[in-house]
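Side chains included, hydrogens not; waters and symmetry mates left out as well; all remaining heavy atoms used. Being a predicted model, the structure only gives us computed values, none of them experimental.
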Amino acid sequence: QVQLVESGGGLVQPGESLRLSCAFSGRSISLYVLGWFRQAPGKEREFVASMRGNARNYSDSVKGRFSIPRDNGRNTVFLQMNSLKPEDTAVYYCAARFFQSESYSIWGQGTQVTVSS
């Protein structure tokens, strides 16, 4: 059974950086697409970024500021967030879908990111 455990949220000032972690366990990570989503208060959950192997996809709102490094030895993926803006404030979720599936079925618990001066 695949499990995802997130960590790393917090309060930062505009322009600063933050790194979120998502530890993957239960099956071979190579069979899954790992995604990051976020949900701000009063808004719907939105796609942020995804990865499988060396492939990466980013939403337009974070392209050039966010990246997804990976620690292969620990089956952990990260969301490296640079040049943070107040509009990046949200609960961030790590998610996984089997590579042949169209929908994400496994979700982490979420972690709060607040960008404020």
Side-chain angles (χ1 to χ4, degrees):
Q1 181 178 357
V2 172
Q3 289 188 319
L4 304 172
V5 178
E6 298 178 48
S7 61
L11 171 64
V12 296
Q13 295 188 348
E16 293 186 339
S17 298
L18 197 63
R19 174 177 280 204
L20 307 182
S21 300
C22 177
F24 177 101
S25 64
R27 292 194 71 185
S28 173
I29 195 172
S30 64
L31 297 175
Y32 289 81
V33 177
L34 277 292
W36 287 96
F37 292 78
R38 66 187 182 186
Q39 187 166 20
K43 295 187 177 181
E44 293 189 355
R45 185 169 57 197
E46 65 172 352
F47 170 81
V48 174
S50 66
M51 64 148 286
R52 181 175 177 236
N54 293 323
R56 303 288 190 271
N57 287 295
Y58 300 96
S59 69
D60 289 343
S61 62
V62 307
K63 199 171 295 182
R65 299 188 298 123
F66 291 13
S67 63
I68 310 180
R70 175 182 165 184
D71 182 338
N72 291 326
R74 294 191 292 148
N75 271 354
T76 298
V77 297
F78 306 94
L79 183 65
Q80 178 65 44
M81 304 183 290
N82 299 328
S83 302
L84 282 162
K85 306 175 182 180
E87 51 263 44
D88 294 318
T89 295
V91 177
Y92 283 72
Y93 297 91
C94 177
R97 62 176 175 88
F98 189 66
F99 77 98
Q100 293 176 321
S101 173
E102 294 184 357
S103 62
Y104 289 85
S105 58
I106 305 154
W107 293 84
Q109 78 277 16
T111 186
Q112 177 70 46
V113 172
T114 302
V115 184
S116 175
S117 56

Item to check | Partner residues of S25 under the side-chain contact (heavy atoms from CB on, under 4.5 Å) criterion, sequence neighbours left out | outcome: Q3
Taking the side chain as every heavy atom from C-beta outward, state whether [X] and [Y] have any pair of such atoms under 4.5 Å apart.
X	Y	answer
R97	V33	yes
I106	L4	yes
L11	Q112	no
E6	W36	yes
R65	M81	no

Checklist outcome for this item: Rounded to the nearest 0.5 angstrom, the CZ-CZ distance for R70 and R56 is 8.0 Å
Item to check | Pairs meeting criterion disulfide (SG to SG under 2.5 Å) with involvement of residues 22-66, two or more places apart | outcome: C22-C94
Next on the checklist: When you measure from the side chain of Y58 to the backbone of I68, do you find a donor-acceptor pair of N or O atoms at a distance under 3.5 Å?
Outcome noted: yes
Item to check | Any donor-acceptor N/O pair, R38 side chain to F47 backbone, under 3.5 Å | outcome: no
Next on the checklist: Test of understanding: with ring-ring contact (aromatic ring centres under 6.0 Å, His included), list the residues that count as partners of Y104, not counting sequence neighbours.
Outcome noted: F37
Item to check | Salt-bridge contact K63-D60 (side-chain N to carboxylate O under 4.0 Å) | outcome: yes
Checklist entry - Does a donor on one side chain sit under 3.5 Å from an acceptor on the other, for T114 and S116? => result no
Checklist entry - Any chance the rings of Y32 and F98 have centres within less than 6.0 Å? => result yes
